Structures are given as C-alpha cells and as structure tokens.
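Just so it is clear, the values below take in all heavy atoms, side chains as well, and ignore hydrogens, waters and symmetry mates. None of these values were measured; they are calculated from a predicted model. Every chain is numbered from 1, with letters handed out A, B, ... down the list of sequences.
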Amino acid sequence: MKFGILINEGPYTHQASDTAYQFVKAALAKGHQIQRVFFYNDGVNNATKLTDPPQDDRNIVNRWAELAEEHKLDLVVCVAAALRRGIREDNLATGFRISGLGQLVESGIQADRLVTFGD
Amino acid sequence: MKFGILINEGPYTHQASDTAYQFVKAALAKGHQIQRVFFYNDGVNNATKLTDPPQDDRNIVNRWAELAEEHKLDLVVCVAAALRRGIREDNLATGFRISGLGQLVESGIQADRLVTFGD
Amino acid sequence: MLHIVNKSPFERNSLESCLKHATKGSAILLIEDGIYAALKGTQATAKLQEAMKDCTVYVLQPDVDARGMQGRVLEGVKPVDYAGFVDLTASHNAVQSWL
Amino acid sequence: MLHIVNKSPFERNSLESCLKHATKGSAILLIEDGIYAALKGTQATAKLQEAMKDCTVYVLQPDVDARGMQGRVLEGVKPVDYAGFVDLTASHNAVQSWL
Amino acid sequence: MSEEMSEGGVVKKFMYVNRKAPYGTIYALESLEVVLIAAAFDQDVSLAFIDDGVYQIAKGQDTKNIGVKNFSSTYRALDDYDINKLYVQKESMEARGLTDKDFLVPVEVKTAAELSALMEQQDVLLSF
Amino acid sequence: MSEEMSEGGVVKKFMYVNRKAPYGTIYALESLEVVLIAAAFDQDVSLAFIDDGVYQIAKGQDTKNIGVKNFSSTYRALDDYDINKLYVQKESMEARGLTDKDFLVPVEVKTAAELSALMEQQDVLLSF
C-alpha cells in the first residue's frame, strides 16, 4: 500500500515528527511504500541542517535524512510555509527538497492513505 | 518600571510573538523600560534572518530587529533551545544575540515584572 | 495578581484552571483566543459570570476586533488596549500566564 | 474510518469532538498525549467506556510506556505498536487526525 | 478545470476539517492556502467548520490593531474556484451563540450526525 | 550558593508552574532546564504541578520505544540543587486517579486553594 505522510509541527517541540518517523519506519518494514513525506506549517523546521541537539538525544533531522537515503524517500518541504519560517536552500538539510503545496494535494490523490501528524 | 519579556513560540504559527511586540511597543510608549526580551522554546525561531513572508503580511523578525535598533532592546535567544532548532550565528538576524538560560533567570530577578507570551 | 488567559475556553482547560487558582480580588485578562470566553450567549458565558463575582475581568479589545466579536462582549468585562494591558501588568505585583 | 487522537482529554476538546463524529463501528486510536484517555480510574474514563460500546478503541503502547502508564490501561482497549498503527491505517478506508 | 489536470481522471473526495480559531494560531490560514491550491486539481473538495473552526468565517474581522494580516475575505473567493461545499457543524455554532447569519460566506449547517455521515464518504481528510 | 551569585542579595520567590504532560510537547523538559539553571542564582524556587503537569513526575517512564530521551530521572536530581519545594495540586492528581505514591520524587500535595495562596506570594511565575 502507498502511504502519504503530512507533518505539521517542528522537531523536538511536538512529538509529531517523532511519531511520524516511527510510523514510516514500521510501514517500510512491512513492505509498504511511502509515496511522500510532506512538511507543512512548523513542520518545515524539520528540514534545517543547522540543528545541533544534545549528544544524548535523538537527531531528528539527520534521522529523516538517513531514512530518506536508505529508502529513497521523497521528503518535500512546502515553499510558502518555509519562506515564512526561514527555511531555504541555504539551510536545507540533505535529503529534503522544497516544492509547492500542490505536492501535498498530489499526495492525497496518489497515495492510498494520507496520514497527518501534528499538534 | 522595568519589564522582562519571555516569548515561547515561533513567528506566524502562534500569536505570541505578535502580542509581545504590541505589548513592548505600548510599554515603551508609556516610558517603561524593557529590561530584556528572552526567546525560548520555539520562540528562538523569531531570530532567523532567513524568513521571507508574503509582501502583504507583517515581517515579524524585521519588526523586532527595528524596534531593538530604535530602543536599544536586548533581544536574547537561548542557546540550548536554539541549537535544538537550528538557530546559530550563521542565520541569526541583526539585533539578536545568543546566550544562556541564566539570562532568563536574571530577567526574573532584575525586572519588576516578567511577562510570558506562549502557546 | 494578574492572570492572563490566551486560549479558547472551548478548546482548552486554561481558563478553567485559571479560575480554580485565581483568589478573590484577582484580575483576569483575556487575550488572543482567550477573548472567546468574554462573550455573551455562549456555553462558556456562565462560567465567566460566576468568576466575575470574585475577580475583575478584562479583555484585549484588539483581539476582540480581529475576530469579529465586537458588540458581543459581556457587560462588566472591561475592554483594554495594549497600553491598558501594560498598565494592568504594572499595577499588579505578579503575572501568571496560563499557557 | 480510523480516528486518531493525540491530545490529553483533560487539556483539550479533541477526544470529545472525535467521539461526537465517530460513527458506529469506527476505530479510534489514542497516541501521544491522547493515551491518557485510555486509563482506568480517571475523570475521563467514563467517557471512553461509553464510546467503547460503539467503537473499537486502540492505544499506542510505546506512548503508554513512555509516560509510565503501563498497567493502567482500561480493559477492552487494544494495545498496538507502530506496526499495529500501520495495519490500522491500512485496514480502514480513511484516516482523520483530530489535531 | 481541465481533464488533464486531474490525475488520470481520478477524482477523490477531500474534506478539510477546520477546528481552530483564526489568528491565535496560523492553522486556519495555512489550511485555506491548501484549499486554494487544491482547487486546481479537479477533485471533490469540501470544508467542514467544527468547534472553534466556526470562528474562522465570522463576519466583521478587523485585524488592524493586532498588526496581523486579515485573511477572512479569502473565504469569499472560494466560490470563484468552484469550492462551495462549506459545512458548519450545528452544535459547535450554537454552543458559541452564533447563527448562520453571522458568517461571511453561505454555508450549510449540518448536525454532528450529518457531518459524520459525510466524513465517512471521504477519501482524504485534512485537519490542521 | 555563594553570596556573590545573588544579585546584590536580592532573593525573589520564583514558581515554575507545570501544566503539560511530558513527551507530547517539549515544555516539561525545557521548563526543567530553566529550573536547573535557576538553582545557581540563589533564589527561592518552587515547582507546582497542576493539570497534566502532574504526569511529568509519574513513576515508571520508559521512552525506549518512542525513540525520545527519558528525562524523568532529572527530577530526582533537583534535591541535590537544593530545590525541594515540589507541590502537586490535589484535585489534578485525583482527577487522574493518581496518589502521591505514584510520583518519582517526594512532593507536597496541596489543594487548589492552598496552591493559590502560595502563588499569590510569588514574585515571578514561569509557566510553559
């Protein structure tokens, strides 16, 4: 089955990105496809390469980037939401790309299920 | 009177930063002092120089920077919260400085009132 | 003491918690989405009216206007602008924001 | 349909709103702070028990464990892990997250 | 809408569930921004206003004094994009002392039960 | 604590009001981080756990399977910093079916009325 994932909150502040990550890992382990992970609202803050969390905590941004690398995931950051919040090509982490909101609607159309993680 | 201000949410997503800005402007207009504005939690995201909001909307980051310039405000971003969220000297907007949490406690001690704006 | 509530009474428990802890004579200021608690004819109205027996309730008028709720504010709730908000924090010895 | 609730029933109206809109036979999954609704002996327990007459309620066990609420989950609420969460989304035709 | 814009003719039912008040948080605005983009995709789109979401379309919004952009007139533009299924949940409206005359766009008032039935028919639910 | 570290001998009463559950949001953790720093300032510090905040100090937290750092043991370290005024609001505790045996640190259980009286004595209230 093809899953679309929508993440609406930034890293660390809300559990949304953590839960979505565990969900995506479990879906991949079961042989499902992840059609796309779309980052919207404060979710765009998951895509900055400038985070440097404490050593004893998880690195949310890198975790997404590594999972994307391993499974060829399409991690898309909404351009409008990103511009409002200061995410641009300058500080974009590896594995993410910036694109339009149409990519979210497309996810709704192409994926068998769209699952939202937010506040 | 000396006011300390604590802002716990990022720009645009919550009204906290907007309300705090209007409060600070009003306090200054009445001749009060703003001892410090401390940005904590997602509040650190108010300090990125990379935001580019729509033309017809307010520019929250620049608004703070301009008010700081005009009134010599001390805008302090918590270093621990900032590192978690990808705010560093690299993308720090003019008028803000990064420092430790002790600056918030100091604000509580030195200011006559500490007013918190958050989610 | 000044208590500030910025959340809708329909969505969160912030106002309820504030009212449980505001002692007689306290001031309560409703801002942002908290202004919905200051309105007439809603399911939250009675709760605020009860609180108004012991506390003085203020509402941030710019937030009322922004949400199109002009003319719906309960009688007895005192409107303030940002300057009035500053005065309230100055005239009370401490401030608690019920985030 | 699968309904997902991630907020505490004591803090927000998300669960209440979900229950108002979940039709008979729906599945409800409690995750993150939503797991507090799945517990025995709280002021929210009765509400969930009522809902369990019409809906099947699941709880994300990793979130229960994280919060130290192991052993407090109400009988009849079905624990799932992330793999079970995936199965639930796959086996229902649509998903609504009550954010 | 051109046929080519729909994905191989697939038309899905999308419902945008709006449960939060405007201005206190950005969710109302950013939900609306998705809806406007969605209009180009030739899908079956509806909007549900539930809980504090009913406040999003309240008449008379004037944001001048909070220094935030007033986006409420955008709801009036939805009709130009052929988006005209706007549902207001009756119980939420009444709990807030509002009537259908208080909204800046024409809406259909639906009970929770009626809205639930509509929700069950959706392929995709987007909630912010 | 050295005398020099206090600001000219000023000692204010700081209360940290914790009303949110752990892990769902970061507020519990980042509030605790302020408290630890505050310990160096020689002020009068207390913590109040109200509403879902009482869950912050629940025993038995095990975050292994959510992949998030478990910070609950840090509350046990507060005593080493001479922070030992931890108040749990009675009504909040009881509404959640908890007793004072369910907490991982010693606490004083206070009614809302008792806690209100304490709040009134504070110079600074920090709420996350």
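- Taking the six-membered ring where tryptophan is involved, the planes of D/F10 and F/Y55 are tilted, since the angle between them lies from 30° to 60°.
- Between the CG atom in D/D65 and the CG atom in F/N65 there is a gap of 6.5 Å [rounded to 0.5 Å].
- Options F/G97, F/G67, F/G60 differ in how many heavy-atom pairs under 4.5 Å they form with chain D, and the most are formed by F/G60.
- Within 6.0 Å of NZ on F/K90 lie no more than 12 heavy atoms contributed by other residues, nucleotides or ligands.
- Residue F/G24 comes nearest to D/R67 through the heavy atom pair N-NH2, 3.2 Å, listed as atom of the first residue, atom of the second, then distance.
- Remark: D/Q70 CD to F/D62 CG distance equals 6.5 Å, nearest 0.5 Å.
- Here the closest non-hydrogen pair linking D/Y36 and F/P22 is OH-CD, 3.6 Å.
- To the nearest 0.5 Å, atom CG of residue D/L39 and atom CZ of residue F/R96 are 10.5 Å apart.
- Salt bridge D/R72/F/D102: present, at least one basic N to carboxylate O contact under 4.0 Å.
- A heavy-atom distance below 4.5 Å is found between the side chains of F/K20 and D/E11.
- For the atom pair OG of F/S92 and CD of D/Q43, the computed distance is 9.5 Å after rounding to the nearest 0.5 Å.
- In this structure, no portion of F/K64 lies under 4.5 Å from any heavy atom of chain D.
- Note: D/I31 CD1 to F/I66 CD1 = 11.0 Å, rounded to the nearest 0.5 Å.
- F/T25 OG1 to D/D33 CG: the interatomic distance, rounded to the nearest 0.5 Å, is 6.0 Å.
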